[in-house]
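Here is the structure we will look at, set down as structure tokens.
Heavy atoms only: backbone and side chains are in, while hydrogens, waters and symmetry mates are out. Please read these numbers as outputs of a predicted model, since none were measured by experiment.
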Amino acid sequence: MRKKKNLKPAVYAALVFCCLCTLVPCVLIVITSLRTTGEIVRDGLFGNITTLHWENYIEAWKVGHFSTYFLNSIFITFFSVLGVLLFSLIGAYAMAVLNFKGKGIYKTLIVMGLVIPCEIIVIPLFYDMQSMGLMDTHWAVILPTVAMNIPFGTFLLSGFIKDIPKSLLESARMDGASEWRTLWKIVMPIIKPALISLLIFIFMWTWNDFMLPNIMIRSQEMRTLPLGLDYFRGKNTQNIPLIASASNIIALPVIIIYLVFQKNLIKGMMVGAVKG
């Protein structure tokens with residue numbers, strides 16, 4: 001019999017290569033943000049660093065008006081994440097536990113919501129927001145974001161809810177608990193890792209979204225951080241360190257959220273993998 005080849009070194013080498021491909025650009029952006037344009041022109045991107053110019057971040061924050069854009073992004077992201085978590089949890093519970101007429105149609109609509117890309121419906125969304133008088137407001141971004149992410153959230157959470165023992169839910173009903181109480185007191189604590197995973201996904205997608213805010217928002221004071229960065233880049237094309245500093249400012253909240261909820265995210269994904 002032929003001996004099986006040990007593929008571990010090749011797998012580890014591939015993983016190290018992928019990590020380097022991901023980390024090197026990130027490190028390069030951080031280093032670039034701490035230099036000056038003159039140093040980059042003179043020494044190149046990989047030149048020696050003599051002084052760290054932390055003032056680039058202060059200048060980018062002030063010149064780019066990122067304090068306003070930051071608040072706009074926080075407002076939009078908070079209510080988008082809250083809406084998706086709330087409606088996805090309710091929809092997933094209905095899909096996984098309840099029996100009602102039209103359940104098959106409901107499941108079909110959820111699946112259709114997963115396969116229809118945003119680019120196809122963005123023009124009807126524009127006219128819908130315009131007819132409701134919501135253009136150039138936060139809600140013109142929040143409402144479509146919530147609606148478009150509910151199918152994904154519902155589909156994700158329903159898989160976790162289906163694995164909850166039915167005897168546990170039946171015991172709660174026998175004790176007089178309503179469906180709402182069963183959902184909030186029993187189901188939600190059990191699927192907490194899945195909820196946190198969904199929270200991180202929706203937070204990243206909403207925080208980094210450029211297309212929808214670019215279509216729905218026109219005024220400068222309503223811009224989100226990605227829109228503000230694009231406008232800032234256009235005005236400071238030659239100042240690479242300022243652009244790099246602004247990019248790091250925008251990426252920092254996503255990194256913090258990931259680091260805070262990292263264990264819960266990995267736990268949720270591992271449980272989902274085992275269930276799959």
Side-chain angles (χ1 to χ4, degrees), residues 69-96 106 109-122 125 128-129 134 137-161 183-184 187-217 222-229 249-273 275-276:
Y69 305 151
F70 200 86
L71 293 176
N72 291 335
S73 288
I74 288 177
F75 184 88
I76 290 173
T77 303
F78 175 79
F79 283 101
S80 297
V81 170
L82 183 64
V84 173
L85 289 178
L86 177 62
F87 292 113
S88 297
L89 179 60
I90 296 173
Y93 183 79
M95 178 186 291
Y106 174 67
L109 291 175
I110 293 297
V111 174
M112 289 178 61
L114 288 171
V115 299
I116 298 177
C118 175
E119 291 78 6
I120 294 180
I121 60 175
V122 70
L125 278 176
D128 287 340
M129 295 298 107
L134 295 177
T137 66
H138 292 143
W139 298 105
V141 180
I142 294 172
L143 295 179
T145 300
V146 172
M148 289 187 293
N149 286 293
I150 285 176
F152 171 77
T154 301
F155 196 79
L156 175 68
L157 297 181
S158 63
F160 286 83
I161 295 176
L183 174 61
W184 303 123
V187 174
M188 191 167 69
I190 293 176
I191 65 169
K192 181 182 175 182
L195 288 171
I196 294 178
S197 299
L198 180 60
L199 181 151
I200 296 175
F201 289 140
I202 303 303
F203 178 88
M204 290 190 299
W205 295 341
T206 307
W207 189 266
N208 295 323
D209 187 22
F210 177 82
M211 185 185 71
L212 195 59
N214 189 39
I215 294 172
M216 301 298 180
I217 293 175
M222 300 298 294
R223 288 175 182 153
T224 59
L225 282 173
L227 292 183
L229 177 62
I249 290 173
I250 294 177
L252 185 60
V254 177
I255 296 173
I256 292 174
I257 290 293
Y258 176 78
L259 292 177
V260 170
F261 296 107
Q262 180 182 10
K263 291 183 179 180
N264 293 279
L265 175 64
I266 295 174
K267 183 179 179 181
M269 297 304 293
M270 290 297 294
V271 172
K275 291 179 180 180

Task: Interatomic spacing from CD1 in Ile200 to CG in Leu195 - rounded to 0.5 Å - done: 11.5 Å

TODO: Check whether the ring centres of Trp207 and Phe70 lie less than 6.0 Å apart, and answer yes or no.
DONE: yes

Task: Main-chain N/O of Phe210 paired with Asn214 side-chain donor or acceptor, under 3.5 Å - done: no

TODO: With rounding to the nearest 0.5 Å, note down the distance linking CG in Asn149 to CG in Leu114.
DONE: 10.0 Å

Open item on the list: Quick check for you: to the nearest 0.5 Å, what is the distance between Asn72 atom CG and Arg223 atom CZ?
Closed with: 10.5 Å

Open item on the list: Quick check for you: to the nearest 0.5 Å, what is the distance between Thr77 atom OG1 and Met204 atom CE?
Closed with: 12.0 Å

- [ ] List the steps and the verdict of side-chain contact (heavy atoms from CB on, under 4.5 Å) for Asn208 and Val254.
- [x] CA-CA 9 Å; Asn208 295 323; Val254 177; 4.3 Å; yes

Task: Whether over 12 other heavy atoms sit under 6.0 Å from Tyr106 OH - done: yes

- [ ] Would you sort out whether Leu89 and Trp184 count as a side-chain contact (heavy atoms from CB on, under 4.5 Å), showing the intermediate values?
- [x] CA-CA 10 Å; Leu89 179 60; Trp184 303 123; 3.4 Å; yes

TODO: Among Leu198, Val187, Ile191, find the one that has a side-chain contact (heavy atoms from CB on, under 4.5 Å) with Phe160.
DONE: Ile191

Open item on the list: Taking the side chain as everything from C-beta on, heavy atoms only, tell me whether Thr145 gets closer than 4.5 Å to Ile76.
Closed with: no

- [ ] Give a yes or no on whether Phe152 atom CZ has more than 12 heavy-atom contacts from other residues, nucleotides or ligands under 6.0 Å away.
- [x] yes

Open item on the list: Can you give me the closest heavy-atom contact between Leu156 and Ala194, atom names plus distance?
Closed with: CD2-O, 4.3 Å

- [ ] State, to 0.1 Å, how close Ala92 and Ser158 come at their nearest heavy-atom pair, and which atoms those are.
- [x] CB-N, 3.5 Å

Task: Heavy-atom pair with the smallest gap, counting every atom of Val122 and Met211 - done: CG2-CE, 4.5 Å

Task: Shortest non-hydrogen separation from Pro213 to Thr224 and the atoms involved - done: CB-OG1, 3.8 Å

TODO: Work out which heavy atom in Met129 is nearest to a heavy atom in Ala140; give both atom names and the distance.
DONE: SD-CA, 3.7 Å

- [ ] Supply the atom-to-atom distance Met148 CE to Thr206 OG1, rounded to the nearest 0.5 angstrom.
- [x] 9.0 Å

Open item on the list: Under the criterion side-chain contact (heavy atoms from CB on, under 4.5 Å), I'd like the reasoning laid out for Met95 against Ile161: C-alpha separation, chi angles, the key distance, then a yes or no.
Closed with: CA-CA 9 Å; Met95 178 186 291; Ile161 295 176; over 6 Å; no

TODO: Please work out which of the three classes, parallel, tilted or perpendicular, describes the rings of Phe201 and Trp205, given edges at 30° and 60°.
DONE: parallel

TODO: Taking all heavy atoms of Ser80 and all of Ile142, pick out the closest pair and write down the distance.
DONE: OG-CA, 3.8 Å

Task: Donor-acceptor contact below 3.5 Å, side chain Thr154 vs main chain Gly91 - done: no

Open item on the list: If I take atom CG from residue Leu85 and atom CG from residue Leu157, how far apart are they, to the nearest 0.5 angstrom?
Closed with: 8.0 Å

